[in-house]
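Working notes, beginning with the structure itself.
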Amino acid sequence: MKIDELYALLRRRGVLWPTAEIYGGLQGLYDYGPLGAALKRNVENAWSAWFLGLSPDYHRIEPAEFLPEATVRASGHLENFTDTEVTCESCGASFRADTLLEKIRPEGIDGLSASDVAALVRTSGAKCPSCGSSSLKLPRAFNMMLGVGLGVAGGEKAYLQPETAQASYLAFARMWDVGRRALPLGIGVIGRAYRNEIAPRQVLFRMRAFTQAELQVFFDPAGFPVPFATVAAEPLPVLRASARESGATEAETRRASELVAAGIPEFYVYHLAQMFRFLRDVLGYPAERLRFLEKSEKERAFYNRIQFDAEARIDSLGGFREVGAVHYRGDYDLTRHAAGSGRELAVTPTGGATFVPHVLELTFGVDRNVWALADLHLARDGERTVWKLPAFLAPIEVGVLPLIGKEHGAFAEALTATLLGRGLAARYDEAGSIGRRYARMDEAGTPFCVTVDGGTVGDGPEHGTVTLRLRDSRAQERVPAEALPARLEAAVRPPRPAVP
RNA sequence: GCGGGCAUAGUGUAGUCUGGUUAUCACAUAGGCUUGCCAAGCCUAUAACCCGGGUUCAAAUCCCGGUGCCCGCACCA
């Protein structure tokens, strides 16, 4: 579907809509409705079940979303999140300052302040590459972080976190002390990140407030044992940076073991493979719509030693878009925060040498994946519109429909209450013909419908049985109503990884 | 942030160029009748010109500003 069509459908069904819609909305901010909020919660739960299930030493914490100014100074966000755009006042074209300054400053402008960059552009005598005019509007100091003043006078400067990762780095010292004082140690966060995006776009793909699910794994660079044999044969669609440099645009399938043979560490490939399994086996993205795009040294942040972005081909957005990533960040984060805080963050395991732990970051954009789940699983099938969500992600798990409201409604309502009591997201619906109600449920992604009919409430052999109707195959089977909870519960539990 | 395009019920739209009756149609939603396992039929109801200003006897229609959305550039999870 096209982006407008998909977004209209999601608005109509109450999955999501613009924040403050009655005031005309506000760019880059969205509210989730009942279906969207439930779907998002289910995605978060599936993420937790999978990634925290990789090891008993991977834990989830829930930090505050404010970062004191000193922390973002140490992390580099204060100086590096800068707008480096130069606009030509004559022809209106825009350029990146580093491109404009390439000749006189080939090492780039990372770390320079906006005023430094402006001074460089001015003294270089740079002209607009498009029209040759020298009337260039210079870069302004623009930080993408949203600052807040805490306290009555607002004198305590803090920032809304621009990524959740920092909270995990800040928590490392405490987690080391409350834990087993052993590595690897994983600290996961599902939380909101806030960025003052200049041009939010494409609904859930560029937002000013968005939810990230991130796992930071701290480990000893001398050894990070993983059960690699369990993923060695996994075929991964990868597009290597070296292949891209020689013009390749299509991913190639490489077994995990081949990537290790090519020089990528086992611990990295292992987690890359688990990311792949999560996207393919848990979220149900077709393998042929997934790829891992390796970022070259030039493209990735300087502290990232290895970076593969997980991308899904999303038709409504016109191609492959990033939905997650795996970053090997070295010891950059803890080293910076040790310097910034004055706190020792190196560790000394019993009987071992002292070192600063390295970080492997698994990052996952929750909102982006909600959109991907809509794009990849929601489709027209003739007259029907069916959202083929995995059952454990469905906002409504089972629809309960009386064939005739007046005659079968009481039984169906009681059954709905029973299912709700068993923790199943059940929804009663008696409005309209049975076909119309199936269609409504199909569009909401409900995997199961049960229909109460004359046989259910009669005295015949079908007494107490209902029709269980499956969304994807439309197959029906007769089952005792009492058997439903047990039958459905297994299907709505998110899968966990198979780890030894 | 720049350039281009767009904005009419819940959704999709006609009408805008060329200002002038009660703003078109379909689907959806709600109620009734009927039917009774895959969006059936009939009747009824609810419901819209993005916001603000200007021109005019008269603005959905023309002009200006704002806001939002889409595409490209730039940026980015």
Side-chain angles (χ1 to χ4, degrees), chain A residues 2-5 7-14 17-29 81-89 91-99 130 137 139-140 142 144 162-165 193-208 210-214 299 301 309-311 316-318 321-325 327 361 363-369 381-386 401-408 431-443 449-455 466-471 474-476 478:
Chain A
K2 294 237 183 269
I3 182 168
D4 287 341
E5 190 186 358
Y7 184 31
L9 175 61
L10 297 176
R11 278 200 314 272
R12 179 167 59 75
R13 289 304 307 245
W17 54 78
T19 293
E21 188 178 17
I22 60 171
Y23 283 88
L26 191 53
Q27 266 190 54
L29 297 172
F81 267 49
T82 329
D83 178 26
T84 60
E85 187 171 86
V86 178
T87 309
C88 174
E89 290 184 321
C91 71
S94 294
F95 314 93
R96 288 176 54 174
D98 54 356
T99 313
S130 177
K137 200 163 108 197
R140 301 155 297 143
F142 174 82
M144 287 179 61
E163 60 178 20
T164 59
Y194 301 86
R195 294 186 190 180
N196 193 7
E197 290 285 353
I198 303 167
R201 285 279 172 90
Q202 297 187 313
V203 198
L204 300 184
F205 260 71
R206 271 285 269 308
M207 303 201 291
R208 286 181 164 145
F210 58 100
T211 302
Q212 294 182 310
E214 298 194 313
E299 292 169 319
D309 285 355
E311 299 188 323
S316 60
L317 302 179
R321 301 300 302 264
E322 182 183 350
V323 293
H327 302 146
E361 174 182 61
T363 177
F364 176 80
V366 177
D367 311 278
R368 288 183 161 196
N369 281 278
D381 176 9
E383 277 282 280
R384 299 202 307 157
T385 302
V386 189
L401 320 173
L403 192 58
I404 304 171
K406 279 182 221 136
E407 296 174 27
H408 315 129
S433 71
I434 189 72
R436 182 184 299 268
R437 283 176 276 160
Y438 284 145
R440 266 198 291 258
M441 288 296 176
D442 287 342
E443 196 178 67
C449 284
V450 298
T451 303
V452 175
D453 60 18
V466 295
T467 304
L468 178 64
R469 179 261 193 191
L470 306 180
R471 176 194 63 203
R474 296 203 275 175
Q476 300 193 348
R478 199 84 199 175

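Here the structure is a predicted model, which is why all the values come from computation and not from measurement. In what follows, every chain begins at residue 1, and chains take the letters A, B, ... in the order their sequences are listed.
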Using the [atom1] atoms only, state how far [M] lies from [N], rounded to an integer number of Å.
{"N": "B/rU35", "M": "B/rG20", "atom1": "P", "result": "49 Å"}
{"N": "B/rC6", "M": "B/rG15", "atom1": "P", "result": "14 Å"}
{"N": "B/rG41", "M": "B/rA26", "atom1": "P", "result": "12 Å"}
{"N": "B/rC50", "M": "B/rG12", "atom1": "P", "result": "14 Å"}
{"N": "B/rU44", "M": "B/rU34", "atom1": "C1'", "result": "15 Å"}
{"N": "B/rG5", "M": "B/rC64", "atom1": "P", "result": "12 Å"}

Review point. What residues, two or more places apart in sequence or in another chain, satisfy side chain to side chain donor-acceptor pair (under 3.5 Å) together with A/Tyr438?
Key: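 So A/Tyr438 forms a side chain to side chain donor-acceptor pair (under 3.5 Å) with A/Thr451.
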Looking across every strand, which nucleic acid part, if any, lies under 4.0 Å from [X] by heavy atom: base, sugar-phosphate, or nothing?
{"X": "A/Arg12", "answer": "sugar-phosphate"}
{"X": "A/Ile3", "answer": "sugar-phosphate"}
{"X": "A/Thr363", "answer": "nothing"}
{"X": "A/Tyr7", "answer": "nothing"}
{"X": "A/Thr385", "answer": "base"}

Taking atom types as they are modelled, would you say the side chain of [X] forms a donor-acceptor pair with the base of [N] within the 3.5 Å cutoff?
{"X": "A/Tyr438", "N": "B/rC37", "result": "yes"}
{"X": "A/Arg201", "N": "B/rG72", "result": "yes"}
{"X": "A/Glu197", "N": "B/rC76", "result": "no"}
{"X": "A/Asp453", "N": "B/rC37", "result": "yes"}

So, OP1 or OP2 of [N]: does either fall under 4.0 Å of a side-chain N or O from [X]?
{"X": "A/Gln202", "N": "B/rC69", "value": "no"}
{"X": "A/Arg440", "N": "B/rA28", "value": "no"}
{"X": "A/Arg436", "N": "B/rA28", "value": "yes"}

Using atom names, set out every protein N or O paired with an N or O of nucleotides 65-68 of chain B below 3.5 Å, distance rounded to 0.1 Å.
from, atom 1, to, atom 2, distance (Å)
B/rG68, OP2, A/Gln27, NE2, 3.4
B/rG68, O4', A/Gly24, O, 3.4

Tell me every residue that passes side-chain contact (heavy atoms from CB on, under 4.5 Å) with [X], counting only those two or more places apart in sequence or in another chain.
{"X": "A/Ala8", "result": "A/Arg11"}
{"X": "A/Glu299", "result": "A/Arg244, A/Lys295, A/Ser296"}
{"X": "A/Leu26", "result": "A/Leu29"}
{"X": "A/Glu361", "result": "A/Ala165, A/Tyr169, A/Glu214, A/Gln216, A/His327, A/Arg329, A/Thr363"}

Review point. Of A/Arg321 and A/Asp4, whose closest RNA chain B nucleotide lies nearer the 5' terminus?
Key: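 This one resolves to A/Asp4.
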Check your understanding: Starting at the 5' end of RNA chain B and moving along, which residue's nearest nucleotide shows up first, A/Gly435 or A/Val323?
Key -> A/Gly435
Can you tell me the distance, in whole Å, between the [atom1] atom of [X] and the [atom2] atom of [N]?
{"X": "A/His327", "N": "B/rC76", "atom1": "NE2", "atom2": "P", "value": "13 Å"}
{"X": "A/Glu21", "N": "B/rC69", "atom1": "CD", "atom2": "C1'", "value": "12 Å"}
{"X": "A/Phe205", "N": "B/rA77", "atom1": "CZ", "atom2": "P", "value": "13 Å"}
{"X": "A/Asn196", "N": "B/rC76", "atom1": "CG", "atom2": "C1'", "value": "13 Å"}
{"X": "A/Ile22", "N": "B/rA48", "atom1": "CD1", "atom2": "P", "value": "15 Å"}
{"X": "A/Lys2", "N": "B/rG12", "atom1": "NZ", "atom2": "C1'", "value": "16 Å"}
{"X": "A/Met144", "N": "B/rA74", "atom1": "CE", "atom2": "P", "value": "16 Å"}
{"X": "A/Arg11", "N": "B/rC27", "atom1": "CZ", "atom2": "C1'", "value": "16 Å"}

Close N/O contacts between protein and nucleotides 34-36 of chain B (under 3.5 Å):
from, atom 1, to, atom 2, distance (Å)
B/rG36, N2, A/Leu403, O, 2.5
B/rG36, N3, A/Leu403, O, 3.4

Study note, to complete from the structure: Regarding the side chain of A/Glu322, the nearest nucleotide among B/rU11, B/rC37, B/rA77 is B/rA77
Go through the structure and list residues passing salt bridge (charged side-chain N to carboxylate O under 4.0 Å, His left out) with [X], not counting sequence neighbours.
{"X": "A/Glu5", "answer": "A/Arg380"}
{"X": "A/Glu443", "answer": "A/Arg12, A/Arg13"}
{"X": "A/Asp381", "answer": "A/Arg384"}
{"X": "A/Arg321", "answer": "none"}

Backbone N/O of [Y] and side chain of [X]: donor-acceptor pair under 3.5 Å:
{"X": "A/Arg437", "Y": "A/Pro402", "value": "yes"}
{"X": "A/Arg469", "Y": "A/Arg474", "value": "no"}
{"X": "A/Glu322", "Y": "A/Asp309", "value": "no"}

**Study point:** A/Pro200 versus A/Gly28, closest heavy-atom pair with distance
**Key:** CB-CA, 3.5 Å
Practice item. Return the stems involving RNA chain B, sorted by first number, where pairs are Watson-Crick (N1-N3 with N6-O4 or O6-N4) or G-U wobble (N1-O2 and O6-N3), both under 3.5 Å, and runs are 3 or more long. Key: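 So far as stems of 3 or more pairs are concerned, RNA chain B shows B:1-7 with B:67-73, B:10-12 with B:25-27, B:29-33 with B:41-45, B:50-54 with B:62-66.
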Exercise for review: Check whether any side-chain heavy atom of A/Tyr7 lies under 4.5 Å from a side-chain heavy atom of A/Pro18, and answer yes or no.
Suggested key: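 With C-beta onward as the side chain, the pair touches.
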